[in-house]
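If you're wondering where the values come from, they're calculated on a predicted model, not measured in any experiment.
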Amino acid sequence: MSRSSLWISLFVLALPFTGVAFLIYETVGFDWSELNDEAWRASLAVTLYVTLVSTAMSLVIGTWLARSVYRRRSTWLASLLRWPMFVPHVAAAYLFYVLFSSGFPFYGVVEANERHHLVVILTYVWKEVPFVFLMVIGTYAQLNRGYVDMAKTLQLTPFEQFKVAEWPFLIKPLLDSFWVLVAFISFAYEVPALLGVTYPELLGVLAYERLTTGLFLNAFESYAVALAWTLFIFSGVIASYALTAKRRRRIERGVRR
């Protein structure tokens, strides 16, 4: 690696830490009790709901599709699943807004801008399932068929075959996908701003509005929320990796064999 490439890589790696340092600087002396108001509490609750439901559905559907493609060698389905990744989130939000607004077939079943954020969740699932699929399909491509054949020889049920011969190898890509989706969905702006309701708003929308409108003092609330959520995500990643590190290393050695 050339010296210029090394410096560019170090600069890119330093950007997230620079952002965190800025948030820490801006929140020095901030009264954290100001976040204990109804708007922020409601926003946190709905954010956790949308994030966890969207992430769980994306992980389950993406894994199921990857398993189906692996078992059936369905190349056309693998190509089809990549298409949503080329659609920006804001374009996907407009697409789902049109589909679920008045005058179109889905109106009345589920409506855009309803309080349960179902259309927001459907949009995220449509966008993130291909990401999970690509994360998991690579693991299936390296999967040792001997484990699957042994599970079939022992006449295990399909669920037991998946649990014993496949699930241990999927822990790493699913854990990686989980935290990527949680970090993105929980603080995203475009989709909930267009398809969500005005109250309660998701954290990304509420933080942006507090940052850009009203009194400038509200900006420190947004910085504090961003810092707290960043530390939460970082702590969750470190904790989950620490708890599964030994098992992940053992599985990785098994995959390489």
Nearest 0.5 Å, what's the [atom1]-[atom2] distance between [X] and [Y]?
X      : Y      : atom1 : atom2 : result
Leu65  : Leu134 : CG    : CG    : 11.0 Å
Leu175 : Leu170 : CG    : CG    : 12.0 Å
Ile24  : Leu227 : CD1   : CG    : 5.5 Å
Thr47  : Leu203 : OG1   : CG    : 3.5 Å
Thr63  : Met135 : OG1   : CE    : 10.5 Å
Ile137 : Arg67  : CD1   : CZ    : 11.5 Å

Note, [X] side chain near [Y] side chain (heavy atom, < 4.5 Å):
X      : Y      : answer
Leu59  : Ser177 : yes
Val132 : Leu181 : yes
Phe96  : Leu194 : no
Tyr124 : His117 : no
Trp40  : Leu44  : no
Leu95  : Val87  : no
Pro200 : Ser43  : no

Exercise. Hey, mind stepping through Phe187 and Leu202 against side chain to side chain contact (heavy atoms under 4.5 Å, CB included) and telling me if it holds?
Worked result: CA-CA 8 Å; Phe187 227 74; Leu202 270 69; over 6 Å; no
Seminar exercise, completed: By ring pair (Phe, Tyr, Trp, His ring centres under 6.0 Å), Tyr70 pairs with (sequence neighbours left out) Tyr140
Exercise. Sequence neighbours excluded, which residues qualify as side chain to side chain contact (heavy atoms under 4.5 Å, CB included) partners of Ile121?
Worked result: Tyr49, Val50, Val53, Ser54, Met57, Val125
Seminar exercise, completed: By side chain to side chain contact (heavy atoms under 4.5 Å, CB included), Val60 pairs with (sequence neighbours left out) none
Side-chain heavy atoms nearer than 4.5 Å, only ILVMFWY residues, links allowed to pass through others: does that put [X] and [Y] together?
X      : Y      : value
Val180 : Ile171 : yes
Tyr208 : Leu206 : no
Trp83  : Phe133 : yes
Tyr189 : Val182 : no
Trp179 : Ile238 : no

Of all the heavy-atom pairs spanning [X] and [Y], show the shortest one and how long it is.
X      : Y      : value
Ala42  : Tyr199 : CB-OH, 3.6 Å
Trp229 : Ser186 : NE1-OG, 2.7 Å
Phe220 : Thr27  : O-CG2, 4.4 Å
Ala193 : Val205 : N-CG2, 3.7 Å
Glu201 : Val197 : CG-O, 3.7 Å
Val119 : Leu195 : CG1-CD1, 3.8 Å

For this session: Take Lys172 and Thr139 through the side chain to side chain contact (heavy atoms under 4.5 Å, CB included) test and state the conclusion after the steps.
Result: CA-CA 9 Å; Lys172 180 180 183 298; Thr139 299; over 6 Å; no
For this session: Look at atom CZ of Phe234 and say whether more than 12 heavy atoms of other residues, nucleotides or ligands are closer to it than 6.0 Å.
Result: no
Exercise. For Tyr97 and Thr123, what are the C-alpha separation, side-chain angles and deciding distance, and is it a side chain to side chain contact (heavy atoms under 4.5 Å, CB included)?
Worked result: CA-CA 9 Å; Tyr97 179 80; Thr123 305; over 6 Å; no
Exercise. Is there a donor-acceptor contact under 3.5 Å from the side chain of Thr55 to the main chain of Leu52?
Worked result: no
Exercise. Donor-acceptor pair, Lys127 side chain versus Ala92 backbone, under 3.5 Å?
Worked result: no
Problem set entry | His89/Phe184 aromatic ring centres below 6.0 Å | yes
